[in-house]
Asker: 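Sharing a structure here in structure tokens format.
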Number of protein chains: 2
Amino acid sequence: MMKRKITLKQIAKELDVSISTVSKSLRNSPEIGEETRLKVQAFAKFYNYKPNNIALSLKNRKTKVIGIIIPEIVHHFFSTVINGIEQVANENGYSVIICLSDDSFDKEVLNMEMLANGSIDGFIMSLSKETQFKGDFHHITEVINQGMPVVMFDRVTNEILCDKVIIDDKAAAYEAVQSLIDKGRKKIALVTTVDYVSVGKLRTDGYIKALLDNDIPFNENLIIKIEDIDTCEITIGKLLEDKAIDAVFAVNELFAVTIIKTANKIGLTVPKDLAVIAFTDGIISKYSTPTITTVSQNGIKMGNKAAKMLIERLETAEEEGNENYKTEVIETHLIERESTH
Amino acid sequence: MMKRKITLKQIAKELDVSISTVSKSLRNSPEIGEETRLKVQAFAKFYNYKPNNIALSLKNRKTKVIGIIIPEIVHHFFSTVINGIEQVANENGYSVIICLSDDSFDKEVLNMEMLANGSIDGFIMSLSKETQFKGDFHHITEVINQGMPVVMFDRVTNEILCDKVIIDDKAAAYEAVQSLIDKGRKKIALVTTVDYVSVGKLRTDGYIKALLDNDIPFNENLIIKIEDIDTCEITIGKLLEDKAIDAVFAVNELFAVTIIKTANKIGLTVPKDLAVIAFTDGIISKYSTPTITTVSQNGIKMGNKAAKMLIERLETAEEEGNENYKTEVIETHLIERESTH
DNA sequence: GTATGTCACGAAAACGTAATAGTGTTGAAA
DNA sequence: TTTCAACACTATTACGTTTTCGTGACATAC
């Protein structure tokens, strides 16, 4: 009971050989005679010897660990991305260490500094709201300058040069709004977030472009920006009652489901009176009543791709200066459900 | 550009003192003269010296990292628990490394072995379905025998002696069913999972006990066990049509929402014709139509507690044999919503 | 019989840190 | 003048690996 893991040194002592001999035996070095080699291997197997990861990390100057920094984890999209990252990480012998920024700049910085001191080989991250708001990215520049690769996904910034994985938010929003127009909807509102969240802005752009391309006048009053989900019902109620709209494009499914519930209270039927379409395909859309048409945002693929890019960069001899950073765009598509039927 | 992190050795060389002097200066040792100390500190600050975590881990024989093994992460309850763990871990200077078992025994074993080789100080885990089915826990016994503390949560087993955090599944199920009875429901069905998932069994026990305590005959035909969520609609439909039940207790919210949707199709109104109550308070229950009454299963608290117990055990001098393992029970309560009104 | 080579293994360095145990210089007490 | 302590620093070890470089013993070649 309570037998600490056995080390090379202990094996060496026990068998009365040198540490080098043990190490070489276990790696099947031809330098070691067969008899000794087999003896060592048998002994090691019996005591279930496994090399110590920390010692290996120190020696090899790499940890085989990927650091993930995301705003929150109780969030369908982000946890899906983690799942995607973990899949390919695991396939390639990497572990993932996860830190949450809680959408706080300070926590993001602290966590990154903590992990950057040798704990991981590279970062995969999505920016916190506060970081995007402040526009301060020095902590990211710093780790990159130290030679630690960073892959950003979803909430990215142009101010940092690194690998990125995103969806074409603008095009996807365009497609969504176009689909509403194709179904004969004329007066389409947009329910979005405040502007400093990069994706929010892009989606707004797509919305506007779709309207204009279809010669529908763009009316600023039909855009409402929500900062706090809990107090948005009044704003949404007003939108629905006053503006006589026949469709809403929401930038996330929480907004969408709130809109539907509010509409029902007012006496509007979805989709007859009001078509609703949402960004971010999550679990709510699938189980809401009516089910909600969404722009799928394939988190798994995004995570897969981000992990692949990071590992690729980690494992190719990093000849300084071949930093041809890529931005991968994950394709989206519309999942048609009841809310726009 | 591309300046690797500076080390004690480099500072020592640069300032022409010994490594020890640098180390001691940075830790404000009185052994070092003020002039030298300040000089070193200034230099270190300028070059943003931070001790290398890996080297510290190797030296101190502890990593300040907690390993988390869970079946899946795209899952409201589990991600909430992670959130709870991360909170207190962070407060105490720990990071979390997360591995997913995908409900596979082999992946669980592999991940644990990987992490157990020095990468972490202790485990927080919830058993995979397959592990519970097989009843094979040797991998857990092994890490415990190596002196690595393990805290299990939610899906636990009696066969392993270690700290545990659970909810009183039986009592909570009892309370839920009792509340249905109090509302005048007589014929209450149970929709649950297959038996080898520990929590499923306990919830069934609570259901039965509540019925019997209220002199309601227990009818085995009113219990249906679902193995695969995707093919359950037929089974559920049959239950609703044939058995003339007036309430359902579902062991998770996915079952609950499926039941409601099926009921609607058949022409039953929830809650008038059918009351529905679910275990596991997640995001679906809150946004479903009607909203679903649930037994809250406070994941944050569970994570908090699990992390506290683990850190407590890690940081108290581990005098061998003071293994008075505890099982903490997190209280639950009913969140009344529309589906049982 | 000397030179060369192979075999089988060991010693030591390196990764970066912290702590224990020295070491040389200075000044003061005896 | 000797002795001892204080001071300010250095050397060394240890954590657990892997790897490079040595080295002694023996055999073969010339």
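Scope of the values below: all heavy atoms of this structure, side chains included, with no hydrogens, waters or symmetry mates. A note on names: the letters A, B, ... follow the listed sequences, proteins ahead of strands, and every chain is numbered from 1.
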Asker: About how many Å separate OG1 of Thr141(A) and CG of Asp136(A), when rounded to the nearest 0.5 Å?
Answerer: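 Going from CG on Asp136(A) over to OG1 on Thr141(A), the span is 8.5 Å.
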Asker: Is any NZ, NE, NH1 or NH2 atom of the basic residue among Lys107(A) and Asp102(A) found under 4.0 Å from an Asp or Glu carboxylate oxygen of the other?
Answerer: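 Looking at Asp102(A) together with Lys107(A), the answer is yes, because their closest N to O distance falls below 4.0 Å.
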Asker: Ignoring hydrogens and angles, state whether a donor on the side chain of Thr63(B) or Asp121(B) is under 3.5 Å from an acceptor on the partner side chain.
Answerer: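 Distance-only check passes for Thr63(B) and Asp121(B).
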Asker: Let's go through Met125(A) and Met112(A) carefully: what are the C-alpha distance in whole Å and the side-chain angles of both, what is the deciding distance for side-chain contact (heavy atoms from CB on, under 4.5 Å) to 0.1 Å, and is it a yes or a no?
Answerer: CA-CA 10 Å; Met125(A) 68 180 303; Met112(A) 284 194 75; 3.7 Å; yes
Asker: Strictly by modelled atom types, are Asp103(A) and Ser128(A) linked by a side-chain donor-acceptor pair under 3.5 Å?
Answerer: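 Judged by distance alone, the side chains do not pair up.
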Asker: Nearest nucleotide by nearest heavy atom, which residue falls closer to the 5' end of DNA chain D, Val17(B) or Arg61(B)?
Answerer: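 Final value for this comparison: Val17(B).
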Asker: Is the ring pair Phe78(B)/His75(B) parallel, tilted or perpendicular, if the boundaries are 30 and 60 degrees?
Answerer: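 Tilted.
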Asker: Could you tell me whether Ser23(B) contacts a base, only the sugar-phosphate backbone, or nothing, with contacts defined as non-hydrogen atoms closer than 4.0 Å?
Answerer: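 If one applies the 4.0 Å heavy-atom cut-off, Ser23(B) turns out to touch a base.
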Asker: Using the closest heavy atom to pick a nucleotide of DNA chain C for each, name whichever of Glu31(B) or Ala55(B) lands nearer the 5' end.
Answerer: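 Of the two residues, Ala55(B) wins.
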Asker: Would you tell me whether Lys5(B) and Asn52(B) have side-chain atoms, one donor and one acceptor, within less than 3.5 Å of each other?
Answerer: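 Their side chains do not contain a donor-acceptor pair, so the 3.5 Å distance test is not met.
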Asker: Are His139(A) and Glu113(A) linked by a side-chain donor-acceptor pair shorter than 3.5 Å?
Answerer: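 The criterion, which ignores hydrogens and geometry beyond distance, is not satisfied for Glu113(A) and His139(A).
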Asker: Quickly, which of Glu72(A), Met152(A), Arg155(A) forms a side-chain contact (heavy atoms from CB on, under 4.5 Å) with Ser126(A)? Name it, please.
Answerer: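 Single side-chain contact (heavy atoms from CB on, under 4.5 Å) partner of Ser126(A) among Glu72(A), Met152(A), Arg155(A): Arg155(A).
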Asker: We want to know whether Ser18(B) and Thr21(B) form a side-chain donor-acceptor pair, criterion being a heavy-atom distance below 3.5 angstrom.
Answerer: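 Checked: Ser18(B)/Thr21(B) side chains pair up, N/O donor to acceptor below 3.5 Å.
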Asker: Based on the rotation axes of five pairs at each end, what angle does the helix from dG1(C)-dC30(D) to dA30(C)-dT1(D) bend through, to 10°?
Answerer: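 If I round to tens, the end axes sit 90° apart.
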Asker: Using a 4.0 Å cut-off to any heavy atom of chain A, which nucleotides of DNA chain D are the first and last in contact, reading 5' to 3'?
Answerer: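 Terminal contacting nucleotides, 5' to 3': dC15(D) to dC21(D).
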Asker: Quick check: on DNA chain D, is the nucleotide nearest Asp16(B) upstream (toward 5') of the one nearest Lys59(B), or the reverse? Name the residue that is more 5'.
Answerer: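 On the 5' side of the pair lies Asp16(B).
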Asker: Answer with base, sugar-phosphate or nothing: what part of the nucleic acid does Leu8(A) contact at a heavy-atom distance below 4.0 Å?
Answerer: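 The residue Leu8(A) makes base contact.
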Asker: Which part of the nucleic acid, if any, lies within reach of Ser57(B) when heavy atoms closer than 4.0 Å are counted: base, sugar-phosphate only, or nothing?
Answerer: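 Nothing, no nucleic acid heavy atom in range.
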Asker: Would you mind classifying the nucleic acid contact of Lys50(A) as base, sugar-phosphate or nothing, using non-hydrogen atoms under 4.0 angstrom?
Answerer: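 Here Lys50(A) touches the backbone only, sparing every base.
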Asker: Taking any heavy-atom pair under 4.0 Å as a contact, classify Lys24(B): base, sugar-phosphate, or nothing.
Answerer: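 Here Lys24(B) touches the bases of the nucleic acid.
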Asker: Taking any atom closer than 4.0 angstrom to a non-hydrogen atom of chain A, what span of DNA chain C does the protein reach, first nucleotide to last?
Answerer: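 Result: dA8(C) to dG16(C).
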Asker: Under 4.0 Å between any heavy atoms, over every strand shown, what does Ser20(A) touch: base, sugar-phosphate, or nothing? Just pick one.
Answerer: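 Base: the residue Ser20(A), judged by heavy atoms under 4.0 Å, touches a nucleobase.
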Asker: Can you tell me how far CG of Leu310(B) sits from CD of Glu315(B), rounded to the nearest 0.5 angstrom?
Answerer: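 Between atom CD of Glu315(B) and atom CG of Leu310(B) there are 9.5 Å.
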